[in-house]
Amino acid sequence: MNFKLFERALVCFALLLGVVVIARGVVTAEIQESVPSRDSVGHPGLWTNPTASTLTTIQNGWGQPGTHFVAVNPKTNRIYLSAQTDDLSKGAVLVVDGSTVRMIEKIPLQSDSLVDKVWVNAATNRIYIRALTAQVICVLDGNTSAFLGELPVSGVLDLAINPITNRLYVSTVSDITVFDGDTHANLGVITNSGGALAVNPHTNQVYAALGSIRVIDGGTNTLVGTIAPSFSVDVIAVNPETNRIYATSHSFGDCPIYVIDGGTNSFVAAIGDPGSLDTLVANPTTNQVYLNRYGVPLRILDGNTNTIGGNILQSEGDGIALNPANHQLLVAGTSLKVLSTLNNTIVNRTILRRGPTKVALASTSNQLYVLNRFEGGTVIDTQTHAVQETVAFGGKSEIAVQAVTGRVYSVSDSQVPGEPGKLFVFDPTTNMTTTINVLDGQTASYLNCVAVNSMTNRVYVGGNRLFVIDGALGTVVQSVPVGGTVTSIEVNAPTNRVYATVRPFTGGEANLVVLDGNNNTLVATIASGFFGRDLTVNPLTNRIYVPRRETAPGSRSFITIIDGVSNTITGTIPIIEEAADLELVRVEVNPLLNRFYVIGTDGTLRIYDGRTNSPISQVSVRLPAPAFYRFDEQVNGLTVNSTTNRVYVTDNAHDRIVVVDDTPPFEKGPQIFSFSPQSGPVGIQITITGSKLDTVTSLRFNGREALFQADSATQITATVPPGATTGPISISGAGGSATGPVFTVVRTK
C-alpha cells in the first residue's frame, strides 16, 4: 500500500467523519423517559431512567429466584451472591462469571448457618461470608472454592477491606478487629468503635458508623476523631478520589444523607430526606453514589452537585456492588441486574406516529433522516430532537446520506415485474426528490440496500446485482454480478473498498464480497456462513464486522471480524445469551471511539471495545411489541454519530426514535483510540486518533521520544523516530498518560 496516499485519504476521511455515518436498518424498541442534561464541564447529569439489563436468574434455595447480597472481584470478574443450599439447612455462595453473566458454581458452606452479607478481597482472591445464625465470618478460597475456616469474631456487623494495605476490618457493636489479609493473623482490636464500615485506601483511614462516625488511622489502628451528625447513622460509604464520606440511617426514615469532607472531617452538606437506606455505594469514576433500599427504586446522588435523582429500577435486595474494572453496578434480587454506570443512557425518545424504519445521519446539518412505513420520511434535528418536517423520500427499504452534497438516497424493497428498479434522490437544498432507473425492465426489481462513498461520490445499490452509480451524473456506471442477492452494503472510504453480504441464488448461507471501488471489480469472496443481514466497517482500523448466526437449532449468534487488508477472518465474538431465537440483525461502528454496536431481536444494544473485542456494556432499548407485529416490522434502524457519540435506534412498533448517549465521561488524561498505518519504517508519519490529544506534551514509540503535532483534540500526526523499535505508542499530557496498541517498525535495507 502507498502509505502517503493512504494518509492523504485518511485525512480527507477524517474531515468527513462525523459528517457522514451511513445508516442501515436495525432492530429495536424500548424506551424510558428522557435523561440527563450535561453541566458546564460536560459531566452527565443525573439519570432519570437509565436502563438495566436482567442478565441471569438464580435460584436462592427457597425454590424461588433471587438473592439479596452481592460482591465482585474486579481482577477475576467473578460475582459472588449469598444463597442457601437446596434443603435450606446451610448457607451457600453462588459464583457467576462476570463476562458471560452465568452461574458457574454453587458452593455450600461448612458452617451450619444461613448466610447474608458477602465481601471479596481482590488482593488475595478470598471471599468472606457472614453466617447469619452464628454471626461469624466464613472464608472461601476464590481460586479453588475451598472452605478455609472462620474469622474468630462473633456478633459480626460489617467487614471492610483496604486493598492497598491488605488489612481486614471486622466490626461488632462495640469494637473492630483488624486482620492481616494474607495470614488472617489478628493485628489488634480497636475499642469503642463499631457498626457499618468504610475505608479510604488513599488516606488509609477507616470510618465506623454506629450513631456517630468514628475515624480510625489504619496505620496505627488508633481512634483519631469523631464526627457527630444530628441523626444516628449506620450506613456509610467513601469516595476515595474526592475524599468524601457519605453517611445516613437504615433505621430512621427522616435522616438525611450527610456529606463529609474527609480532609477536615467537617460537614459539607445534609441532603434532603431520601428515606431509610440499606446500602450506599460510591463510584469514584463518575462521582456518583448509588442509594439502595429494598423494595424502592434505586437512586443516584450526584457528588458534583449534591443532589439526588434517579428511580432507575425497583430494588429487590439489600445488596448492591460496583465493579470498578468495567464500571458496572450489580444489583441482586429476584434476578441479577447489571447497569453501566459510565454512559449508555437513553437521553431522548422522539414520537413519530408514522412507523419509523431506517435512519441515516447528516451531521453537518445535525439532521437525522428517517424512513417511515407511513407518510414518507421524517427529518429530525439531532440537537433538539424536534421533528422538522415530513419529506417524500420515495424509498422505504434503506437510506444513506452523501456528506459533501447532503443528498439523501433511498431504495424500496417492492418487486414490480417488468419495471425498472428505482433509486430515489432527495436534494435538501431544493426539497425535491428525483429517481434513477437502476434495472433495465427485463428483470423484476428488488433493491434493498444502498451506501455512499462521499469521497468519490459513488453510490452503491444492492439487488440481484451490485450497482455502481455516479452521484454527480445520476447514471449507472456498472452492474456487477455477484452470484446472488445483495442484502447489505458498506464502504471503507479511505481504501475505496466496498463490502456487500450476498445470499446465493442457489440458496444456502451468505458470503461477503469485496469490490475495488477504483475499477469496480470483485477482489475477494469470503465464505463464512454469514446470516447476511448487515455489516459495518471501521475505516481507521480497516476491520469489518458482520453479524452471523448458525442455522442449526439452538445455535448462538456471533460477530465475525474480518481484516480489510488481507480479507481474512481474524476472529469471532460469541454473544452472551443462549436463546435460540436471538438474532443479531444490525451492527454499527464509532471509528473515533473504536467501538462497535450490535443489536438483536431481544432489543438489547450491545457495546464492544474494538481494541479488545470485549463487551463494554449493554442497554435495553425495546418495549414489548404488539403481538400482531412481525419481527421485521418492529426491528429496523441503527446509526451512530461519531462526533457526538450518540446512537440512534428506531422502534417501529412504538413509533419512536431512541437516542443513547455513549460518551465516555471523566477521562482524566489524553486517550489513544487508534492509529494508522499500524506499521512502517523510521521517518514515516502516522495519524493517531483519540481524545484530549491537544493536551499531549510527550509521545513515545516503545519508549523512544518522537516529534509530533496535535492537529486537533482528536488527532495527532507523529513521526516514527530514529532508533524506534516495535512496541506500543504512549502519550502523556494534562491529567495523565495512556498507552495504545503496538506499532510495528519495518526495517529498510
Side-chain angles (χ1 to χ4, degrees), residues 1-14 17 455 490-497 499 514 516-518 523-524 526 536-545 560-571 589-596 608-614 670-691 693 696 698-712 714-732 737-749:
M1 174 183 291
N2 186 318
F3 287 113
K4 283 293 182 184
L5 291 178
F6 179 82
E7 180 184 343
R8 292 192 189 102
L10 190 61
V11 171
C12 292
F13 182 77
L17 225 106
M455 295 175 65
E490 182 63 283
V491 175
N492 188 337
T495 64
N496 201 10
R497 287 289 187 267
Y499 301 91
V514 185
D516 186 333
N518 298 302
V523 295
I526 306 169
T536 192
V537 177
N538 186 332
L540 297 181
T541 62
N542 205 3
R543 289 182 179 176
I544 302 98
Y545 302 93
T560 299
I561 306 172
I562 298 168
D563 178 20
V565 176
S566 61
N567 291 323
T568 57
I569 297 173
T570 58
V589 69
N590 185 332
L592 293 182
L593 287 183
N594 197 5
R595 291 183 175 183
F596 58 96
Y608 287 84
D609 186 330
R611 289 166 288 191
T612 62
N613 296 329
S614 58
Q671 302 291 314
I672 296 175
F673 296 151
S674 63
F675 56 81
S676 182
Q678 296 177 349
S679 63
V682 168
I684 191 176
Q685 286 191 332
I686 70 167
T687 301
I688 301 172
T689 64
S691 65
L693 297 183
V696 171
S698 173
L699 187 149
R700 293 178 173 84
F701 285 76
N702 200 23
R704 178 74 65 169
E705 194 77 28
L707 296 175
F708 67 92
Q709 176 180 329
D711 305 318
S712 67
T714 59
Q715 181 174 301
I716 277 181
T717 301
T719 302
V720 180
T725 56
T726 296
I729 296 176
S730 60
I731 55 176
S732 298
S737 59
T739 301
V742 170
F743 178 84
T744 302
V745 177
V746 178
R747 299 299 177 188
T748 56
K749 296 181 180 180

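Quick caveat, the model's predicted, so the values are computed rather than measured. All values below were derived from every heavy atom in this structure, side-chain atoms included, with hydrogens, water molecules and symmetry-related copies excluded.
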Taking C-beta and beyond as the side chain, do [X] and [Y] meet within less than 4.5 Å on heavy atoms?
X      : Y      : result
Ile716 : Ile672 : no
Asn538 : Phe596 : no
Ile729 : Ile686 : yes
Leu693 : Phe708 : no
Leu540 : Leu592 : yes
Val682 : Arg747 : yes

Under the salt bridge (charged side-chain N to carboxylate O under 4.0 Å, His left out) test, which residues partner Asp711, sequence neighbours left out?
->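 Counting only residues at least two positions away or on another chain, Asp711 forms no salt bridge (charged side-chain N to carboxylate O under 4.0 Å, His left out).
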
Partners of Asp516 by salt bridge (charged side-chain N to carboxylate O under 4.0 Å, His left out), sequence neighbours excluded?
->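 Salt bridge (charged side-chain N to carboxylate O under 4.0 Å, His left out) list for Asp516, sorted by chain: Arg497.
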
What residues, two or more places apart in sequence or in another chain, satisfy side chain to side chain donor-acceptor pair (under 3.5 Å) together with Arg543?
->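 Side chain to side chain donor-acceptor pair (under 3.5 Å) check on Arg543 returns nothing, list empty.
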
What's the shortest heavy-atom distance between [X] and [Y], and which atoms?
X      : Y      : answer
Pro681 : Val720 : O-CB, 3.8 Å
Gly610 : Asn613 : O-OD1, 3.7 Å
Pro591 : Pro539 : CG-CD, 3.8 Å

About how many Å separate [atom2] of [Y] and [atom1] of [X], when rounded to the nearest 0.5 Å?
X      : Y      : atom1 : atom2 : result
Asp563 : Asn542 : CG    : CG    : 6.5 Å
Gln678 : Thr541 : CD    : OG1   : 7.0 Å
Ile526 : Thr568 : CD1   : OG1   : 7.5 Å

Kindly indicate, with the supporting measurements, whether the criterion side chain to side chain contact (heavy atoms under 4.5 Å, CB included) is fulfilled by Phe743 and Ile684.
-> CA-CA 12 Å; Phe743 178 84; Ile684 191 176; 4.3 Å; yes

With sequence neighbours excluded, give me every salt bridge (Lys or Arg N to Asp or Glu O under 4.0 Å) pair touching residues 678-687.
->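 Counting only pairs at least two positions apart or across chains, no salt bridge (Lys or Arg N to Asp or Glu O under 4.0 Å) contact touches residues 678-687.
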
Side chain to side chain donor-acceptor pair (under 3.5 Å) contacts touching residues 699-710 (sequence neighbours left out) =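 Sorted pair list: Ser698-Arg700, Ser698-Glu705, Arg700-Glu705, Asn702-Thr725.
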
Residues two or more places apart in sequence or in another chain: which of them pass side-chain contact (heavy atoms from CB on, under 4.5 Å) with Ala706?
->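 Ala706 satisfies side-chain contact (heavy atoms from CB on, under 4.5 Å) with Leu699, Phe701, Pro721 only.
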
Would you say Ser676's side chain and Thr687's backbone share a donor-acceptor pair under 3.5 angstrom?
->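 A pair under 3.5 Å: no.
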
Worked verdict on Thr726 versus Val742 for side chain to side chain contact (heavy atoms under 4.5 Å, CB included) = CA-CA 7 Å; Thr726 296; Val742 170; 3.7 Å; yes

